[in-house]
Each structure stands twice: as structure tokens, then as C-alpha cells.
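For reference, the structure is listed below as C-alpha cells.
Atoms within a ligand are numbered from 1 in the order they appear, just like the ligands themselves.
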Amino acid sequence: MEIEFYNCKLIRMLRNTFLFVLLIASVNTYAQNPEKKVDNLALTPPMGWNSWNKFGCDVNEQMIRDMADAMDTSGMKDAGYIYINIDDCWHGQRDSLGFIHPDPERFPHGIKALADYIHSKGLKMGIYSDAGYRTCAGRAGSRGHEYQDALTYASWGIDYLKYDWCNTEGLNALGAYMTMRSALDAAGRPIVFSICEWGNSKPWQWAKGIGNLWRTTGDISANFAHNVDHGTWMQLSVLSILDQQDSLRKYAGPGHWNDPDMLEVGNGMSIGEDRAHFSMWCMLAAPLVAGNDLRNMPQQTKDILMNKEVIAVDQDSLGVEGFKYSSADSLEIWLKPLVKGDWAICFLNRSLSAKHVAFDWQKENVVDSLSARDAMFGKIVYSIRDLWTKKNIGTTKRTLAADVPGHDVLMLRLTEAKKSR
Ligand code: GLA
């Protein structure tokens, strides 16, 4: 009897010690590596849709529902697009306790009902706020209400928060984004945190562990080569955004991505320009957030947004951003290391006239010190797949000869055929 009693006590003591050690160990792991927890939310660049680029402030619950339906039925969901994000202008007023409510006319059934609907389609829902007192369109921002807002979003079932930087005079960006980070943690729901600070304070240097993606520039426009001057601010072209990305690749990786802004595919550029824009965003491992009207996409737009082989370059689990390998006479060559020794290579024609490509693989020396990868064209033969025509076009034994139309790309995937020796 006595022995049994002591045995039980011993077992309980051992079990409690074990649980205690386990608890300390897990607290320690999180304390030493807080970004691990944040990072786990977006191991590949987030994919979805956002209302801003096409609709601006003109948002309402029926349109968002329709967009969720279209995401589901158009094949976008199947291609990997998951988030339905409402941008600015969903807001109504704060109540007497400071809780935010949606605009009652535009969202009569409330955001929770909308999130439930979006979830019922197997999709996730994103929302927008701002670190200042007011959003960019003058709606209620989160300043002073961060914890309340994070709790509200969590109670609505929000999965993604884009957090803007208008009207933040006197605020420190790192501090402001950390406050919302802590508020999201306290709210307890996993919410992808999209830092929209336009690159002003170089968020790539501090935002890992705070957000899952951070804007690197000002706003994009549906223009391939020319910025749009709005007087007080400049809306950027695809090429001018691209030109600001190359030095940032070392800051991105699984869970924490450079964000060169949402897509303008289907919003008015030519097919070649849309294709080049989409290809380059995939080479950059950029978040793929469509910004067009999903309800009536022409086939050509669908073919771009839902090209699974191109998307696979973006979503590659290695999570290494591509880099500019060479640039001459308006023709840029970008490379991106992929899993299992593969590479993506993209020939970008920045000019309006067609360019001839004659690329002798054997003469090229492709080394990426960031990922410690070397293409070794002298030793390895790669088979080549054209990701837009979806055709296999030979191997790297022979010089590649092709014409790239103006404002367009040739995008290829190289896969090791056999080791030559
Ligand atoms: C800023 C952001 C845009 C959009 C608008 C909304 O300009 O950079 O992406 O969210 O605000 O007002």
C-alpha cells in the first residue's frame, strides 16, 4: 500500500517536472525566435484578390461576395488564389466604446457574415486598416485602437490584414507596426500581416518577424513603362517598381516577402505587358494579389493569372527571389533558383520593338551566392520548357535562339536532364 502510494507520487512528480521542462523549452524557443511563429503563416508568397486596383473606394458586400464566387468558379481558387481582401473604404463609424463597424449601407449584414460566406467557399478573408488616425481615403484608422481592432478582426474571422501608412506624421514605423503585431498576437487568431509602408523606412531591414510581407514601393499603376504623375504623388509603372527590387532579394524568404504591390493584370495593359508583369512578379517571389474584376475575365487574362507552371515559379518552396543576371540593349535576363536543382530564366524585353535572343548556355557562368547555387551549364544538361507556350524546346546543349516581342517575355524552366561527363 505504502509502496503504491509513493510510486504514484513519484510518477506525478516526474510528469509535472516533464511538463514544466516542456513549457520552458517551448517558451524559450518562441522567445529566441519569435519570427518563426509569424513566418509559419505564409511559407510561400500569399495569393489572392484585392479590391483597390480596380474598384478603389467602390466596395460593398454584394460585390465582394460575387468576387468570392468568381474566385471559386473561374479556376482561380484551384490555381492557388485564396484571399479575398477588401481594401480601403469598408469602414463606418466607431461606437461609443471605440469599436469599429462597417459602413451599414455598403455592408448591411456586417463583416462577420461576409467572412463566413467567404470561408464557406474554402477561401480566406482579408481586411484593410491604417496605422494613422485616418486611412488613405479618410476612413477611421487604427491609431489608438490597435488592440480593439485586432480583437474585432479576430472575432469577425479575418485571416489577412493590410495595414497602410497614411496620416502617420510623427509615428515611428517600426513601433507602429510592432504595436499592431502585438495586438494581432494578443487577439490570438492567425492573421497574415501585410505591411503597407511603401518602403519609406526600408521595412525589409526590420519587418521580418513582424509582418509576412512588406510593400517595397509606392502604388502601382496599370502602366508598363511610364509613371503616372498625380501632382502630389506618383503612381508607378511596372518597370519602375521592378527596378527597385533587385537589391532586396536577400531580405525575403519563406514567411516574409518583399511586396512590389498588387497585380494590374487585366486592368488595361496589353497582353504582352500583362504577361511580362506577371512573369516578373513570379521571378521576384512576389505575393500574387490579383487586382482585376474576376467576374468577367477575358480568356487571355485567365490564361495569364492561372498559368500554373508560371505560378509554380512564384510559389517554389525554396523561397529564393530571382536576380537580374544581365542587362543590355533593353533586354534583361533574370534567373531564379528553384527546388530540386531547377532554374527559372526570364528574358524581359523592356523596349517596344522585338529583340532577338541568342543565348549560348555553355558560355554563361550562372552562380548565385545567396542560395549557394551554380547552374554549371558545362557539366549539367538541362531540358528547357517554355512556360508560356507550355512546350519543351530542347536542351542547354544548343544555343537558345528566340525572338521576344516588345514589352513581353520569354520565360523558361530548366530541369536537369542528365549529368554529362
Ligand atoms: C495606399 C495603398 C494602396 C491602397 C490605398 C487605399 O495608397 O498603398 O495600396 O491601399 O492606400 O486608400
**Item:** Ring center gap for Y177 and W165 short of 6.0 angstrom
**Value:**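 Ring-ring flag for Y177/W165: true, centres closer than 6.0 Å.
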
**Message:** Can you confirm if the aromatic rings of F359 and F347 lie within a centre distance of less than 6.0 Å?
**Reply:**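 Yes.
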
**Message:** Using a 4.0 Å cutoff against the non-hydrogen atoms of R215, which atoms of ligand 1 qualify?
**Reply:**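 This gives 8 (O), 9 (O) as the contact atoms.
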
**Enumerated ligand 1 atoms positioned under 4.0 Å from heavy atoms of C136** =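 Once the distances to C136 are compared, the set is 1 (C), 11 (O), 12 (O).
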
Taking [atom] as the reference point, the nearest protein heavy atom with its distance:
atom: atom 5 (C) of ligand 1; value: W52 CE2, 3.6 Å
atom: atom 10 (O) of ligand 1; value: D87 OD1, 2.7 Å
atom: atom 9 (O) of ligand 1; value: K162 NZ, 2.8 Å

**Message:** Has R139 got a side-chain atom pairing as donor or acceptor with R134's backbone, closer than 3.5 angstrom?
**Reply:**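 Not at all, since once roles are kept as given, no pair shorter than 3.5 Å links the two residues.
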
**Message:** Between W90 (side chain only) and D103 (backbone N and O only), is there a donor and an acceptor less than 3.5 Å apart?
**Reply:**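 Not at all, since once roles are kept as given, no pair shorter than 3.5 Å links the two residues.
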
**Between T216 and Q245: side-chain donor-acceptor atoms closer than 3.5 Å** =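 Yes, a side-chain donor-acceptor pair sits under 3.5 Å.
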
**No-hydrogen, no-angle side-chain donor-acceptor test under 3.5 Å, E321 and N258** =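 Indeed, the side chains of E321 and N258 share at least one donor-acceptor pair under 3.5 Å.
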
**Message:** As a check for students: among T217, D219, D88, identify the option with a heavy atom nearest to atom 3 (C) of ligand 1.
**Reply:**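 Closest candidate by heavy-atom distance is D219.
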
**C196, portion touching ligand 1 at heavy-atom distance under 4.0 Å** =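 Under 4.0 Å from ligand 1, C196 contributes side-chain atoms alone.
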
**Request:** Would you please determine whether W165 falls within less than 4.0 Å of ligand 1 on a heavy-atom basis?
**Result:**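 Per 4.0 Å heavy-atom rule, W165 does not contact ligand 1.
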
**Message:** Looking at ligand 1, would D164 count as a contact under a 4.0 Å heavy-atom criterion?
**Reply:**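 D164: in contact with ligand 1 (<4.0 Å).
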
**Message:** Please check if the number of heavy atoms outside Q300 that lie under 6.0 Å from its CD is greater than 12.
**Reply:**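 Counting other residues, nucleotides and ligands, CD of Q300 stays at 12 neighbours or fewer.
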
